[in-house]
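Working notes, beginning with the structure itself.
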Amino acid sequence: MKEIKNVTVLGAGGMGAQIGALAAEAGFNVKLRDIEDKFLENGRKVIEANYDRRISRGRLSEEAKKDYMSRMTFLVDIKEAVKDADIVIEAVPEIMDLKKSVLKEVSALCPDDCVFATNTSSLSIAEMSEAGKRPEMVVGTHYFNPPYRMTLLEIVHGANTSDEAIKIAEKVAIAMGRAVVHVKDVPGFVANRIFCNMSNEADWALAQGEAKSPFEVDSAIKYKLGLPMGMLELQDALGGGSVDTQFHVMEYFGETMGKSYGPAPVLTKLFKEGNYGKKTGKGYYDWADGKTNEIPMNAGVDFDPIRVLATAVNEAAKLIEMDATTREGIDTAVLLGLNYPRGVLRMADSTGLDKILDELNRLYNKYNKEDRYKASSVIIKLVKQGKLGRKTGEGFYSYGPGEYEFVKLDTNKETKVAWLTLNRPNRANAFNADFMTEINKALSELEKDTGVQCIVITGAGANFCGGADVSAFATGQMNDAFNFSEAPHEVFTRIETYPKPVIAAINGAAMGGGLELALACDIRIMNTRAQLRLPEITLGLLPGAGATQRLGRLIGWARAKEMILLADPVMAEKALDWGIVNFIAEPDKFNALVDEIAAKLANGAPLAQKLAKGLLHYGAQADQRTALYLEAAISGDIALTEDLNEGLTSMSYRRSPRFTGK
């Protein structure tokens, strides 16, 4: 593969300007081209405003801004813009004829080995490529808006696209910090195919009377599935209202995927009436007179969102069936491109693929055997094989030993320390029922591992743990809420009585259940930039994973009441002063301190540590005299251990003990 030095971006609008800036930050020489100087100047202002915002937040230096800006040239002359380009990233409006015209002109002026990457969310790469001199050098690159925040990039393989063009596009994308998903040139690619069909299905549920109102279907989607917004609410709000855009996309899907995929009835009616959402004052909701249309959590109690989820899963499975992309690509696309709380195939595995198939069959049989409800052969095969998801240990994914969605394990046999990382950074590492199950599973695996003597629990990204996913409350069933609270009780009590020392390395915010997890650990080490908070009262909830009991026993009931009732954040110095944490450290010294404390614990006497933890926990539940009797009894037991013999012998000979846990 040739060395890539020069990147040309065509179109200096909001999208093109940000793409150009990302390329400059990646170290490329960048030319930003547009048809008039005024558009170039607007693009420059967009870039500089983004840099100035980052500087004001301490995330960029003036020197870095100067360096990045020096890598960018702004020009109108297209011949000059592309004459030495290694890759051209085209970011002109989403109009096929316009993109074809640009490609035809550019391919006559750029080097023969230049890659032409078109930024499109839906247009056919194969059709577009025919307009250029070298169709094999044309590749789709679907950036998500705004690129500064949305790291997903779909690289679309047209029928004519060469492997070389794909590799170059990927190399540039990775250098620009993109999370790449590869997909064949199918309608909607990955993210939009799933999102737009899911939105259309929410409309069908309303039109067919299975949901009584937009509020009902959106509430269930938002609170039960945990999506950021309801699908209909989002159509009204996106870009000020995107009903018209959604209609045109579904028209395109109807033409390319089959009539069954065309615009749903309510969508069609809204489009014909010119009701496009907020920008027109009406869409699925009435936005006149400043209405906010807040979606209540309990509005969706009677609607099961499996109706919408099942069809989304079916489209995802059809992408696998067509060999258009992979399961990982699909879930990455919905996580990073749609901001979903989980991958859609992971949701399916948690729901149960038998339930997904049953729902598809119900819809297929009830609604005239519509093609969009016909179950993918991928789902049918998995169900026939008994691979139903998490409950059977395998579905779209496998859930065997060492296989996790939310947890990452790193074991160092030399130090005898294992790091259990809460790995859901896109949701501040907030836990749900499956997350709790995985933490418990990881603890079981580490308990059996004789090469591990200390566990460190920390969080991926900027947070330790943002608390609990409260979707259990959206069902309106008291039993669901009770069971959701009991799961962390069992896991956190296990941590308290775990036979090996457990450290909470609080690298970032520990909120609600995240703090309650830390309270169950033996040692708490806090980054000085982190904060602790119990915000439940402000939401009409109570701390439900142990803080009402553990916190008061740790720091006294007066301070515990203050934290719970006022719900104010507690910073590191105060947390240390109050005794909530054992140690604090500046960010640049935090990991070193954690390693130091973990090493001390990992080299301790395993049996003595296990018995001491049990005595401290169970003794605290009893009156003092009973606890002292337990202490005496355990002291008698420990007198018979090889570890005690080794400890006393090593002290006599002034050497470090070599404990074996026997």
Side-chain angles (χ1 to χ4, degrees), residues 57-61 64 404 406-425 428-429 439 442-443 445-447 449-466 495-496 498-511 514-533 554-555 569-606 608-609 612-613 650 655-659 661:
R57 296 172 180 173
R59 297 174 183 173
L60 188 73
S61 67
Y404 298 97
F406 300 117
V407 165
K408 181 182 177 184
L409 288 184
D410 293 296
T411 300
N412 188 321
K413 295 299 183 182
E414 188 174 325
T415 62
K416 298 180 288 185
V417 175
W419 285 70
L420 191 164
T421 302
L422 310 175
N423 192 28
R424 198 189 184 193
N429 302 318
I439 293 173
L443 291 171
E445 291 183 10
L446 294 174
E447 185 173 347
D449 190 338
T450 57
V452 172
Q453 295 301 332
C454 177
I455 318 298
V456 177
I457 299 178
T458 194
N463 297 279
F464 175 72
C465 178
I495 290 172
E496 281 185 312
Y498 199 65
K500 302 174 183 182
V502 181
I503 297 172
I506 307 172
N507 58 303
M511 311 289 281
L515 174 54
E516 290 170 303
L517 166 59
L519 291 173
C521 297
D522 304 310
I523 301 289
R524 287 165 290 281
I525 305 172
M526 186 174 177
N527 188 315
T528 52
R529 289 187 181 174
Q531 63 171 279
L532 313 177
R533 190 181 176 214
L554 181 67
I555 64 173
V570 174
M571 307 312 289
E573 292 286 352
K574 187 174 183 178
L576 181 65
D577 181 56
W578 279 15
I580 304 173
V581 300
N582 305 89
F583 306 95
I584 63 174
E586 295 294 327
D588 60 338
K589 298 177 181 177
F590 177 72
N591 285 338
L593 179 60
V594 174
D595 288 339
E596 178 187 342
I597 302 300
K600 288 182 180 179
L601 291 171
N603 287 301
Q609 289 174 336
K613 284 188 62 174
S650 65
R655 62 171 174 80
S656 297
R658 296 183 290 271
F659 295 118

field: Heavy-atom closest pair, residues G514 and A510
entry: C-CB, 4.1 Å

message: Quick one, L554 and R524 - any side-chain contact, counting heavy atoms below 4.5 Å?
response: yes

4.5 Å side-chain heavy-atom contact, I506 and L515: no

- prompt: How long is the gap from CD1 on I439 to OH on Y404, to the nearest 0.5 Å?
  reply: 10.5 Å

- request: For residues Q453 and P501, report the shortest heavy-atom separation together with the two atoms involved.
  value: O-CD, 3.2 Å

query: CZ/F590 to OG1/T528 distance, rounded to the nearest 0.5 angstrom?
result: 9.5 Å

field: Check: G466 main-chain N/O paired with N463 side-chain donor or acceptor under 3.5 Å
entry: no

query: Of the non-hydrogen atoms in A460 and N429, which two are nearest, and what is the gap between them?
result: O-ND2, 2.9 Å

query: More than 12 foreign heavy atoms under 6.0 Å from CD of E573: is that the case here?
result: no

field: Least distance between heavy atoms, K613 atom then Y498 atom
entry: NZ-O, 3.0 Å

task: Report yes if some heavy atom in the side chain of I495 is under 4.5 Å from a heavy atom in the side chain of I455; otherwise report no.
output: no

task: Take D522 and K500 through the test salt bridge (Lys or Arg N to Asp or Glu O under 4.0 Å) and record every step on the way to the result.
output: CA-CA 10 Å; D522 304 310; K500 302 174 183 182; over 6 Å; no

task: Could you walk me through whether V407 and E445 pass the side-chain contact (heavy atoms from CB on, under 4.5 Å) test, one step at a time?
output: CA-CA 12 Å; V407 165; E445 291 183 10; over 6 Å; no

Distance, nearest 0.5 Å, that separates CD1 of I503 from CD1 of I525: 5.0 Å

message: Working note: L409 + L420, criterion side-chain contact (heavy atoms from CB on, under 4.5 Å); need CA distance, chi angles, decisive distance, verdict.
response: CA-CA 5 Å; L409 288 184; L420 191 164; 3.8 Å; yes

- prompt: What distance separates R533 CZ from M571 CE, expressed to the nearest 0.5 Å?
  reply: 12.0 Å

query: After noting the C-alpha distance and the side-chain angles of K416 and N603, does the key distance pass the side-chain contact (heavy atoms from CB on, under 4.5 Å) rule?
result: CA-CA 8 Å; K416 298 180 288 185; N603 287 301; 3.4 Å; yes

task: State, with a plain yes or no, whether a side-chain heavy atom of L519 is found less than 4.5 Å away from one of I580.
output: yes

Where T411 and A418 come nearest, the two heavy atoms and their spacing: OG1-CB, 3.9 Å

message: Just verifying a value: how many Å separate N591 CG and N527 CG, rounded to the nearest 0.5 Å?
response: 8.5 Å

- request: May I ask you to test the F583-L593 pair for a side-chain heavy-atom distance under 4.5 Å?
  value: yes

- request: Would you check, one step at a time, whether the test side-chain contact (heavy atoms from CB on, under 4.5 Å) holds for V594 with N507?
  value: CA-CA 10 Å; V594 174; N507 58 303; over 6 Å; no

query: Which distance, rounded to the nearest 0.5 Å, do you find between the NZ of K589 and the CD1 of I584?
result: 11.5 Å

statement: For A505 and T458, the nearest pair of non-hydrogen atoms, with its separation, is O-OG1, 2.9 Å

